[in-house]
Amino acid sequence: MQDTIKNLTERFGASNMIEKKPGLIFITIEQSKAISAVTYLRDIEGYTVLTLLTAVDWIEDNVFQLTYLLNNPEQITEIGLRVMIDREKAEMESAHHLWPNVEVYQRELKEMYGINFPGSPRIDENFILEGWNDKPPYRRDFDTKEYAENNFFPRPGRKTNDPAEYMKQKMYPNNPSDYTNKKYNPNR
Amino acid sequence: MEEERKDKFLAPENEIRQVAAPDGSIIEVDPLEDYFTQERPKPYKVRKGPVENFLNWARAESLWVLGFGTGCGSIEIPPLVTPRYDMFRFGVQMRATPRQSNVFIISGYLSVKTLKRVIRTYEQMPSPKYVMGLGSCTINGGMYFDSYNTINRLDHYLPVDVYIAGCMPRPEALLAGFAKLKELIKEGKGHKANEYVENFDWYKDNQKKVINDWNMPDYNW
Amino acid sequence: MDIKKLLTPLTAWGNITKDPVTIKDPLNERPGADRYRGFHRNDVEVCIGCGTCEEICENEAIDMVAIAETKDGDSGLRPMIDYGRCCWCALCVDVCTTNSLSMSNEYTWVTTDPEDFRFVPGVDKKDWDKGDKGWKKPENYEFYSIKRVHMEELSPEERNGSFIEMMKGYSKEQAEKEADRCVECGICTATCPAHMGIPEYIKAIRNDDLEEGLRILYDTNPLPEICGRICTHKCESVCSMGHKGDPISIRWLKRYIADQNPSEKYKKILEVENLQPKDKKVAIIGSGPSGLSAAHYLALMGYQVKIFEKLEKAGGMMRYGIPEYRLPYDQIDKDINYILSLGVEIEYNVNIGTDISLEQLGKDYDAVFSGTGLQLGRSTGIEGSDNEHVYYSTDLLRKIAQGEEIEVAESIVVIGGGNVAMDITRSLARLQKEKYGKIQIITTSLEKEENMPADREEVVEAREEGCVINPGWAPKSIEIKDGIPTGLHVVKCNSLFDGEGRFNPQCDLDVKEFWPGTMIVQSIGQGMDISYITEEMREKLEFGPRGRVQTDEYFQTSLKWLFMGGDIIQGPDVIHGIANGHMAAVGIDRMLNPEK
Amino acid sequence: MEKSKLFTLNEDRSLYPEHDENGKPIVDLSSHKFLKIWQGPQHPGVTGNMSLELTVSGDEIVESKTHVGYLHRGFEKLMERRKYIQCFPTCIRMCVAEPDPNEYVLSNAIEELSGIEVPEMAKWLRTLVLEMARLQVLLRGVPGQAGTFALGLGYQWGNYLRDLILDSFEELTGGRVYHMYILPGGVRGLLPDGFKKRMEDKLKLIDEFMIKIDKLIFQNVVFESRARGLGYIPKEWVDVYGVYGPAARAAGVMRDVRKTNPYLKYSELDFEPYTTTDSDVFARTEVRYNDLKMTVDLIRQIMAKMPEKGDIKAETPNVMHWKIPKGETYSKCESSRGEYGMYMVSDGSDKPRRVNLKGPSYTHANALLDRLLINANIADTAAIMVSLATCPPEIER
């Protein structure tokens, strides 16, 4: 494990290593070197199983984090490779030649995040959604509740009360409404 | 016509194509013409008096359920078929195709993709037919009220006869649902399928509002 | 083909002789298990409508609807559950602050109308309301800590004979842990007369953003150091956490925020550096909580504010009525100095009515706010109470605060069961300890132990310090010998109020006691002194019950320029005073700036 | 190994498509030699609600494409707008048949990220519940495999026994299918009185059933001749295609998280997962049959070793505003289908930043199933799918 990390750091410029628990580390790698690092881990270091490939939307930093989680069944260790890619131009080299099921992950990422993997088979086919015409739904700026309220038909007639507001009105009916507002301080 | 067709039905399987017949001859097939009906649905005739009572009795005692597990609730249907609950004794049994069934159990949430199939399947069932909504999801969205991919209210898309509370309802509750449905049919209140036909445009509008790629004709029987 | 393998499966026919496993009547024969999470039940009598269930429900299945009457600590709302949303996870049951919500083991509900599935458990009667089976919150866990984080305090031995502040305050960890217990129901906010944003500032503590916390405090309360120590904390008595465990120490958390922010940074934190001045002047009589509060908010609005104070220091009852061990003088100064730093002027040793008349003030200023409070002690009126060695607690406390020497007797009897009685008891006990090295003091009240108006912890602490608190006795007479009291005769008091709720003590004259004491202190309430209001003005003012001036919701009297608030209107309570002052400030602003 | 005589390929391959260099068939639909049919979503032979787009020649499948998404609810999105405690009732719906691993991986991920240590008693109860869940799935799954060959009797027995286990779940957790028992920090209750005895009675019934099912399925010429040689997974594919759990163990590769990364109390239990090398439907059923036996044994061990009383929940921050430090983790356990994991990213707020669930069905039902169905008969699709124990809601979430 230590050697692997050393190699990753030296040869692929990996950084920001965090050991979450024994046998599970996460490490950041540059986008351009990611696929060669994955190939290296698979072919040389024995990380032969791709446990998962997924993305995290860091909208504040304007990046997507792709996580390639690789498993070494011999040593029973796992390495999570974090690859930060630009959110505006979300594109990543495809890894479908390494594992046959990568194509499915990549189709899902294309659909759910809008991350493109040029060259990946069936990448433009629908995977889960059908006839989707909005933003890719897993992006952080897509508001699922708002979408549901606008598109589906929630049953009307629900009304709730805030206990604090309701009680204030009931217990101090004489308190005028402009009492608690903050207009007295123009700076606030 | 061609233009309109292109706009409406983008699915490749709906394009005009040539197929080989068993004898080797090549024939042209227009799926929209040949595989779908062009007629609007018609309500079936509700009779009166003892005839209708007899028919209702017969309908109530032979509820044939379509085997289409649309959501979580379908996990509680298999126990009903097994000896512990044995729903056959109540005249309920599972069927594999919509053409043989008259009860459609919507077992929970419906994703938009499934809704499209459910509508097609429902329309293929012979009338009179009944819909049972299982669990919170069919009533007001349930757990998935804020999901972008599941509908919130089933009664906007299909007429629903009976709702069963639960997430998910137990097999016993399902049996109670069947009992209630029987009662309704025997009282002559089980003609929701005609309501669907009568308010066909309203239902279709609602369905089309959520199903974005409506690449099939409106009539599916 | 193996012939054996062709025949072996046929052994399944052996089952043909066995009894079937079919449930004969599945609809009635199968009740849910004892812990089954079926349909909801709610004990509406116990429920306080805190809305925590609504808050935790991930499906937004619960609405709070108005059902019951709003009373102390009960919002009058009850949860309405939508079975078109519920997922039967029972988080609402587990999180319920009063354990009123539970689930039955019923599970069958079939209907043709989906609208039926919305109901208020416990109010809409259902078949399953009765039984006691079904899911209840497991006994072995809570979703939050129900135990209060203990605040360190001086030991009774250290406390005795000294006026050092006894509560040491929370550390960061302690405060964050205590703040974590809050479920943000807001019942405290509604109950607090000043409507302080309690959940919000507790949240600020959790987020370790004490500057934001201070801003929230000053939104509604300009005396956080003081209130953080001596507030009557109505919020804590209604805290929803108090139903299963200890209420959150809201008061100490407030103190924590105020303590952690240094006074020199206040102006920057509170963003009051460039206020827009207005050319209108407001006079304020009395620098008690209501006066200071009004002065603060008026100053923020830009008015030129001047306070007239009768005594030599500002603070009113907070300084002269509350012993130093509970509220150190430097903390009072911290709050007051900040308010004065906003440009509020103050003139000490001015007695309205003698030095300057109220009418004159009304002419000189655009508006006047009077918060003169209750300073006069109230007499029991029993035999011997007019003796010179029978004191009023207010006078004694003021003298102690002013640093005057008072004649402390070796044995003392205090009459009264409120917080002031405890204050004077414990102050005198300290002085006794200093002077005689021992404590001999008895405090009695009409109310029984459980009904005593004083805070519970005050009574407990007083006892820890060596005072005797003996409630449930009615004072009968003070025995005087040679002009000096020798003690107090008391009889057993059985009940205070009659069937109609009127004050009408019932005593058992046969059970009597005599408590020796050469100094008797009366602490049974205070009266107001509004002699500064002249006869002429009295005719123009409207008076309400109990001799109080009638005011509107902004504490404006029928004389448009005169606002009155605080103890003289509301009765003795610091937080009410602060709220009144604030509201009066809003009222004055509305009067002087009607266009807004 | 002797291959079944019933399962043979047509020797004349001229009617069938040629393959490209990757082993993929070159299918030209316009040649009219092939027929495209859909199996599912409304089809009794599909596990759950998914569909297969099959291209067939005769009744032999030349190409298959899996279509999923009929059960997509967007859990991973929904959980991003739920507090940590609210995630736990939500997440369990990701796999309907076996919800408890969902609860466990979520709770464990939260505990790992926030550094909470679960009390001993809770660990035992979690282990018990996870094994009971496995038991209840396998009771349906093992005879269900025979059901795909129209041998419905065992399925009926198995479902009855499963129902008894669900009754036990109801007693312990208050829920029949969705238990919502393992929550972040611990579990939601101790064993009720007399639970162990009632459980033991049920286990005895299951022991009897195991003998019966052996006679009905494994000693059955019909089952054997149809299942042997069907859906063969070469050992080399295990890593490449991502094969987990019983399916990998049937190929002779030891894949069991309980053994490789012991979690909860598995290191204190005595068990050895069964492996074989035939790697066909028969072998996979055999492995799961032995898993079932092992699970019964494990439950007995757990009930014997677990303490009677103890703390069931660690002290957690107030759940109403529970914030978790920034970080990411992958927590996994062994479900009845194989490694079941959850990747969780926290950004320091009170809601997860990203939750990604990885179940074995994701790889089993997509690339692997498409590959396995080539050259199989239409009638065998159900058997192959069930032998991989695909669970559609877990693929699309």
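Everything quoted here is computed from the prediction, not taken from an experiment. Letters A, B, ... are given to chains in the order of the sequence lines, protein chains preceding strands, and every chain is numbered from 1.
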Asker: Which bit of Ile18(A) comes within less than 4.5 Å of chain D, counting heavy atoms only: side chain, backbone, both or neither?
Answerer: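 No part of it gets close to chain D.
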Asker: Tell me the closest heavy-atom pair linking Pro246(D) and Gly338(D), and the distance in Å.
Answerer: CD-N, 4.1 Å
Asker: Could you state the interatomic distance from NZ (Lys6(A)) to CZ (Arg11(A)), rounded to the nearest 0.5 Å?
Answerer: 11.5 Å
Asker: Hey, what do you get for CG (Leu109(A)) to CG (Asn116(A)), rounding to the nearest 0.5 Å?
Answerer: 11.0 Å
Asker: Supply the atom-to-atom distance Met344(D) CE to Leu357(D) CG, rounded to the nearest 0.5 angstrom.
Answerer: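 One finds 10.5 Å between CE of Met344(D) and CG of Leu357(D).
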Asker: Rounded to the nearest 0.5 Å, what separation is found between the CD1 atom of Ile395(D) and the SG atom of Cys95(D)?
Answerer: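 One gets 10.0 Å once the value is rounded to the nearest 0.5 Å.
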Asker: Measuring from Met385(D):CE to Leu372(D):CG, what's the distance to the nearest 0.5 Å?
Answerer: 11.5 Å
Asker: So which part of Pro137(A) gets closer than 4.5 Å to some heavy atom of chain D, the side chain, the backbone, both or neither?
Answerer: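 Just its backbone gets close to chain D.
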Asker: Is it the backbone or the side chain of Val240(D) that comes under 4.5 Å from a heavy atom of chain A, or both, or neither?
Answerer: both
Asker: Step by step, would you call Leu388(D) with Leu369(D) a side chain to side chain contact (heavy atoms under 4.5 Å, CB included)?
Answerer: CA-CA 8 Å; Leu388(D) 295 172; Leu369(D) 183 64; 3.9 Å; yes
Asker: Side chain, backbone, both or neither: which part of Leu78(D) has an atom under 4.5 Å from a heavy atom of chain A?
Answerer: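 Leu78(D) touches chain A through side-chain heavy atoms alone.
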Asker: Side-chain contact test, heavy atoms from C-beta onward, threshold under 4.5 Å: evaluate it for Val49(A) versus Leu70(A) and give yes or no.
Answerer: no
Asker: Output the donor-acceptor atom pairs between chain A and chain D under 3.5 Å, with atom names and distances to 0.1 Å.
Answerer:
unit_1: Lys21(A); atom_1: NZ; unit_2: Glu112(D); atom_2: OE1; d: 3.2
unit_1: Lys21(A); atom_1: NZ; unit_2: Glu112(D); atom_2: OE2; d: 2.8
unit_1: Lys21(A); atom_1: NZ; unit_2: Tyr330(D); atom_2: O; d: 2.9
unit_1: Thr48(A); atom_1: OG1; unit_2: Asp239(D); atom_2: OD2; d: 2.8
unit_1: Thr51(A); atom_1: O; unit_2: Lys358(D); atom_2: NZ; d: 2.6
unit_1: Thr54(A); atom_1: OG1; unit_2: Arg354(D); atom_2: NH2; d: 2.7
unit_1: Ala55(A); atom_1: O; unit_2: Arg354(D); atom_2: NE; d: 2.5
unit_1: Asp57(A); atom_1: O; unit_2: Arg353(D); atom_2: NE; d: 3.2
unit_1: Asp57(A); atom_1: O; unit_2: Arg353(D); atom_2: NH2; d: 2.8
unit_1: Glu60(A); atom_1: OE1; unit_2: Arg353(D); atom_2: NH2; d: 2.9
unit_1: Glu60(A); atom_1: OE2; unit_2: Arg353(D); atom_2: NH1; d: 2.9
unit_1: Glu60(A); atom_1: OE2; unit_2: Arg353(D); atom_2: NH2; d: 3.3
unit_1: Gln65(A); atom_1: NE2; unit_2: Glu328(D); atom_2: OE1; d: 3.3
unit_1: Gln65(A); atom_1: NE2; unit_2: Tyr343(D); atom_2: OH; d: 3.2
unit_1: Thr67(A); atom_1: OG1; unit_2: Tyr343(D); atom_2: OH; d: 2.8
unit_1: Glu78(A); atom_1: OE2; unit_2: Lys332(D); atom_2: NZ; d: 3.0
unit_1: Arg82(A); atom_1: NH1; unit_2: Glu328(D); atom_2: OE2; d: 2.3
unit_1: Asn101(A); atom_1: ND2; unit_2: Tyr241(D); atom_2: O; d: 2.7
unit_1: Tyr105(A); atom_1: OH; unit_2: Lys358(D); atom_2: NZ; d: 3.2
unit_1: Glu108(A); atom_1: OE1; unit_2: Tyr362(D); atom_2: OH; d: 2.4
unit_1: Glu108(A); atom_1: OE1; unit_2: Arg397(D); atom_2: NH2; d: 3.3
unit_1: Glu108(A); atom_1: OE2; unit_2: Arg397(D); atom_2: NH2; d: 2.6
unit_1: Tyr113(A); atom_1: OH; unit_2: Arg354(D); atom_2: NE; d: 3.0
unit_1: Pro137(A); atom_1: O; unit_2: Lys77(D); atom_2: NZ; d: 3.2
unit_1: Arg139(A); atom_1: O; unit_2: Lys77(D); atom_2: NZ; d: 2.6
unit_1: Arg140(A); atom_1: NH1; unit_2: Glu80(D); atom_2: OE1; d: 3.3
unit_1: Arg140(A); atom_1: NH1; unit_2: Arg353(D); atom_2: O; d: 3.3
unit_1: Phe142(A); atom_1: O; unit_2: Lys77(D); atom_2: NZ; d: 2.9

Asker: In terms of heavy-atom proximity below 4.5 Å to chain D, should Ile59(A) be classed as side chain, backbone, both, or neither?
Answerer: both
Asker: Side chain from CB out, backbone as N, CA, C, O: work out which of these in Leu50(A) comes under 4.5 Å of a heavy atom of chain D, or both, or neither.
Answerer: backbone
Asker: Among Val102(A), Leu69(A), Leu129(A), who wins on heavy-atom pairs under 4.5 Å with chain D?
Answerer: Leu69(A)
Asker: Given side chains that start at C-beta, do those of Val83(A) and Phe64(A) come closer than 4.5 Å, heavy atoms only?
Answerer: no
